[in-house]
*Asks:* 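Right, I'll just put the structure down here and ask away after.
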Amino acid sequence: MTELPFSLAWEIKPVPPYSFELTMRKPAGWPLFSNFEVYENEVIWTSTHIMGELAGIRISNEGMTERPKLSAEIFLQRKPSPQKARNLKRTLEHDIGADEDLGPFYSLAKGDDILRHAIRDLHGMHNTSQDTIFPDASLSILLQMAPLKRSDEMMDCYITNYGEEAEFDRKTIPAWPLPERIAHVGPEELASKCKLGYRAKRIVELARRIAEHGFPSIEELEHMDPDEAKRLLLDLPGIGSYSADIIDPHGGFPIDVWSADVFGLLFFGEEPKDKRKEIPRIKETGLKRWGKWSWMAFFYIVQDLGNLSRALDLELRME
DNA sequence: GCGTCCAGGTCTACC
DNA sequence: GGTAGACCTGGACGC
């Protein structure tokens, strides 16, 4: 457990529209940062690593979707320099999508037969991300070839045993493990303790590569040429097309055997018979239809399956 | 109870 | 360059 006695507090005015509830608590249950974060009465307590520092985070809602205002506080082990404090604040604002303008995506979505429903249902929901790729990369490896329930069990064990626990504001919240920690864990230990199976070796190999050679942050990838960012991600061990699309800040279209059912129904009116075989065709159709907004389209649709099922008279299932 | 199948992919060997 | 097969584990299913 790591105590975080120092804190920085400030006000954030996100680019409207910004729905606090939809952004912090995605309808499909995706966490903001930590799988163990707490959300009560429009306040979220969570933890992550920002610029290499373990950070406890408390954000509360002080505004409305069209006039958003948030009260944020970052808790740290040590008092940061003024320069570092400025960077931490700016990075957190970026990670929670406060600087993201949804306007261009909404313009495209209004003219799309599927997305026009989703942007109405989820008005003001922003995309969020952690500071580095390792949490999402670990997540995507733990999602491989397993039912969601088993992936959740693997993640819970992995985070509680190997993640740092942030203690702040009378809360204790474990963050996703750092590559430097996992690089020193034997794959056999990870496999037996958390029943990761073959994924243990992949996650340790990935951690060792990042710990030894470094890797650009999410924001640095964002500023790269999209093809170069994708190439770097695909070069990592254990990361294939699906995982790269989950991590890539330039936005991919991460189709797996589950989403192949959903998007097969949406695009062609039927679930594919051979899901794995159909993934390339479904992916190509999505990328062609939504281009650079493919990730946002994917994100909005998977968060809105219940409403979309009714609006489009289709059986779009969560699992 | 027991055997078989397969799940929110990726890598490797083989052709 | 394209593709079958292996990979951990555990729940669902048929018998």
Side-chain angles (χ1 to χ4, degrees), chain A residues 26-31 35 127 129 133-159 161-162 176 182 185-210 215 230-248 251-267 271-287 294-295 297-306 308-309 314-319:
Chain A
K26 317 282 188 308
W30 299 6
N35 289 32
N127 189 37
S129 68
I133 69 146
F134 195 58
D136 270 354
S138 309
L139 168 84
S140 66
I141 290 174
L142 297 180
L143 286 173
Q144 291 175 12
M145 292 296 288
L148 200 53
K149 182 171 173 287
R150 182 160 175 241
S151 289
D152 282 340
E153 287 166 1
M154 288 190 276
M155 273 185 250
D156 286 357
C157 178
Y158 174 71
I159 295 170
N161 280 282
Y162 301 99
W176 278 83
I182 300 303
V185 176
E188 307 78 18
E189 178 193 318
L190 208 49
S192 64
K193 190 179 268 185
C194 293
K195 300 188 191 308
L196 261 57
Y198 70 91
R199 301 167 197 82
K201 199 175 157 205
R202 290 192 180 165
I203 241 172
V204 171
E205 279 178 5
L206 176 65
R208 287 178 180 163
R209 168 79 76 87
I210 293 174
F215 197 80
K230 189 76 177 278
R231 189 191 66 74
L232 285 177
L233 288 168
L234 288 173
D235 190 46
L236 291 170
I239 302 301
S241 167
Y242 168 74
S243 301
D245 279 350
I246 287 184
I247 303 164
D248 192 353
F253 198 57
I255 297 299
D256 51 30
V257 294
W258 162 72
S259 49
D261 272 347
V262 170
F263 287 92
L265 261 174
L266 286 171
F267 293 155
E271 292 182 355
K273 289 179 181 63
D274 187 338
K275 298 176 193 178
R276 289 197 191 281
K277 217 171 175 179
E278 286 293 307
I279 286 174
R281 183 166 79 109
I282 293 169
K283 194 165 172 163
E284 194 187 330
T285 306
L287 288 169
S294 296
W295 166 258
F298 178 91
F299 173 54
Y300 263 71
I301 288 169
V302 299
Q303 303 297 332
D304 197 36
L305 294 183
L308 281 175
S309 294
L314 293 169
E315 273 192 59
L316 304 168
R317 292 165 300 165
M318 294 297 285
E319 290 174 38

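Each chain gets a letter, A, B and so on, in the order its sequence line appears, and its residues count up from 1.
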*Asks:* When all nucleic acid strands are considered with a 4.0 Å heavy-atom cut-off, which category describes A/S151: base, sugar-phosphate, or nothing?
*Replies:*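 The answer is nothing, as A/S151 stays clear of every strand by at least 4.0 Å.
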*Asks:* Rounded to whole Å, how long is the line connecting atom CG of A/L143 with atom P of B/dG8?
*Replies:*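 Taking CG of A/L143 and P of B/dG8, I get 9 Å after rounding.
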*Asks:* For residues A/L316 and A/I301, determine if any side-chain heavy atom of one lies less than 4.5 Å from a side-chain heavy atom of the other.
*Replies:*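 Not in contact.
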*Asks:* Figure out the OH/P separation between A/Y242 and B/dT10, and round it to whole Å.
*Replies:*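 These atoms are roughly 8 Å apart.
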*Asks:* Taking salt bridge (Lys or Arg N to Asp or Glu O under 4.0 Å) as the test, write out the residues that go with A/K26, two or more places apart.
*Replies:*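 Listed in chain order: nothing, the list is empty.
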*Asks:* Which part of the nucleic acid does A/S140 contact within heavy-atom distance under 4.0 Å: base, sugar-phosphate only, or nothing?
*Replies:*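 The residue A/S140 makes no contact with any strand.
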*Asks:* Could you spell out the base pairing of DNA chain C in dot-bracket, with Watson-Crick or G-U pairs whose two distances are under 3.5 Å, [ ] crossing and | to another strand?
*Replies:* |||||||.|||||||
*Asks:* Who passes ring-ring contact (aromatic ring centres under 6.0 Å, His included) against A/F263, sequence neighbours left out?
*Replies:*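 In terms of ring-ring contact (aromatic ring centres under 6.0 Å, His included), with neighbours along the sequence ignored, A/F263 is linked to A/F253, A/F267, A/F298.
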*Asks:* Could you tell me how far C/dG5 sits from B/dC6 if I compare only their P atoms? Round to whole Å.
*Replies:*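 Per the computed distance, 14 Å lies between those P atoms.
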*Asks:* Could you pull out every donor-acceptor pair under 3.5 Å between side chains of residues 197-205 of chain A and any protein atom, sequence neighbours left out?
*Replies:*
from   : atom 1 : to     : atom 2 : distance (Å)
A/R199 : NE     : A/Q144 : O      : 2.8
A/R199 : NH1    : A/L196 : O      : 3.0
A/R199 : NH2    : A/Q144 : O      : 2.9
A/R199 : NH2    : A/M145 : O      : 3.0
A/R202 : NH1    : A/Q144 : OE1    : 2.7

*Asks:* On DNA chain B, check which nucleotide each of A/G238 and A/I246 is closest to and give me the residue with the more 5' one.
*Replies:*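 Its nearest nucleotide lies further toward 5', so the answer is A/I246.
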*Asks:* Calculate the interatomic distance between A/D235 atom CG and B/dC11 atom P; express it in whole Å.
*Replies:*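 Distance check: A/D235 CG to B/dC11 P gives 10 Å.
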*Asks:* Take atom CD1 of A/I203 and atom C1' of B/dG9, then tell me their distance rounded to the nearest Å.
*Replies:*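 Taking atom C1' of B/dG9 as the reference, CD1 of A/I203 is at 13 Å.
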*Asks:* In whole Å, what separates the P atom of B/dG8 from that of C/dC13?
*Replies:*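 Their P atoms lie roughly 14 Å apart.
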*Asks:* A/R276 CZ to B/dG9 C1': how many Å, rounded?
*Replies:*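 Roughly 6 Å, once rounded to whole Å.
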*Asks:* Without decimals, in angstroms, what is the distance between A/F263 CZ and B/dG8 P?
*Replies:*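 A/F263 atom CZ is separated from B/dG8 atom P by 15 Å.
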*Asks:* Please enumerate all residues that pass salt bridge (Lys or Arg N to Asp or Glu O under 4.0 Å) together with A/K195, with sequence neighbours excluded.
*Replies:*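 None.
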*Asks:* Distances under 3.5 Å between protein N/O atoms and the N/O atoms of nucleotides 5-12 of chain C, please, pair by pair.
*Replies:*
from  : atom 1 : to     : atom 2 : distance (Å)
C/dC8 : O4'    : A/Y198 : N      : 3.0
C/dC8 : O2     : A/R150 : NH1    : 3.1
C/dC8 : O2     : A/R150 : NH2    : 3.2
C/dC8 : O2     : A/R199 : NH1    : 2.7
C/dC8 : N3     : A/R199 : NH2    : 3.3
C/dT9 : O4'    : A/R150 : NH2    : 2.9
C/dT9 : O2     : A/R150 : NH1    : 2.9

*Asks:* Test of understanding: with side chain to side chain donor-acceptor pair (under 3.5 Å), list the residues that count as partners of A/D248, not counting sequence neighbours.
*Replies:*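 Applying side chain to side chain donor-acceptor pair (under 3.5 Å) to A/D248 gives none.
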*Asks:* Using the P atom on both, measure B/dC11 against C/dG10 and round to a whole Å.
*Replies:*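 It comes out at 24 Å once rounded to the nearest Å.
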*Asks:* Determine the contact category for A/P254: base if any of its heavy atoms lies under 4.0 Å from a base atom, sugar-phosphate if only primed atoms, P, OP1 or OP2 are that close, otherwise nothing.
*Replies:*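 Here A/P254 touches no strand at all.
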*Asks:* Rounded to whole angstrom units, what separation is found between the CG atom of A/L316 and the P atom of B/dG8?
*Replies:*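 Going from CG in A/L316 over to P in B/dG8 covers 16 Å.
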*Asks:* Who passes side chain to side chain donor-acceptor pair (under 3.5 Å) against A/E315, sequence neighbours left out?
*Replies:*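 A/E315: no side chain to side chain donor-acceptor pair (under 3.5 Å) contacts found.
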*Asks:* Give, for atom CD1 of A/I247 and atom CG of A/L232, the distance between the pair rounded to the nearest 0.5 Å.
*Replies:*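 Nearest 0.5 Å value for the CD1-CG distance: 11.5 Å.
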*Asks:* Heavy atoms under 4.0 Å, any strand shown: does A/I141 hit a base, just sugar-phosphate, or nothing?
*Replies:*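 Since no nucleic acid heavy atom lies under 4.0 Å of A/I141, the category is nothing.
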*Asks:* With sequence neighbours excluded, what pairs up with A/D235 under the salt bridge (Lys or Arg N to Asp or Glu O under 4.0 Å) test?
*Replies:*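 If we apply the salt bridge (Lys or Arg N to Asp or Glu O under 4.0 Å) test to A/D235, skipping adjacent residues, the hits are A/R209.
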*Asks:* Whole angstroms only, please: what is the NZ-C1' distance between A/K277 and C/dA4?
*Replies:*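 Nearest whole value for this atom pair: 12 Å.
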*Asks:* Checking A/R231 now: which residues fulfil salt bridge (Lys or Arg N to Asp or Glu O under 4.0 Å) with it, not counting sequence neighbours?
*Replies:*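 Testing A/R231 for salt bridge (Lys or Arg N to Asp or Glu O under 4.0 Å), a comparison that skips the adjacent residues, returns A/E228.
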*Asks:* If we take the C1' atom in both C/dA6 and B/dA7, what is their distance in whole Å?
*Replies:*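 15 Å, rounded to whole Å.
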*Asks:* Sequence neighbours left out, cut at 3.5 Å: what donor-acceptor pairs do the side chains of residues 278-285 of chain A make with other protein atoms?
*Replies:*
from   : atom 1 : to     : atom 2 : distance (Å)
A/E278 : OE1    : A/R281 : NE     : 2.8
A/E278 : OE1    : A/R281 : NH2    : 3.0
A/K283 : NZ     : A/S241 : OG     : 2.6
A/K283 : NZ     : A/D245 : OD2    : 2.5
A/T285 : OG1    : A/R281 : O      : 2.7

*Asks:* So A/C157 and A/Y162, do their side chains get closer than 4.5 Å, heavy atoms only?
*Replies:*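 No, every pair of side-chain atoms sits at 4.5 Å or beyond.
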*Asks:* Do any of residues 278-286 of chain A sit with a heavy atom less than 4.0 Å from DNA chain C, and if so which?
*Replies:*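 The stretch gives none, as no residue of it lies under 4.0 Å from the strand.
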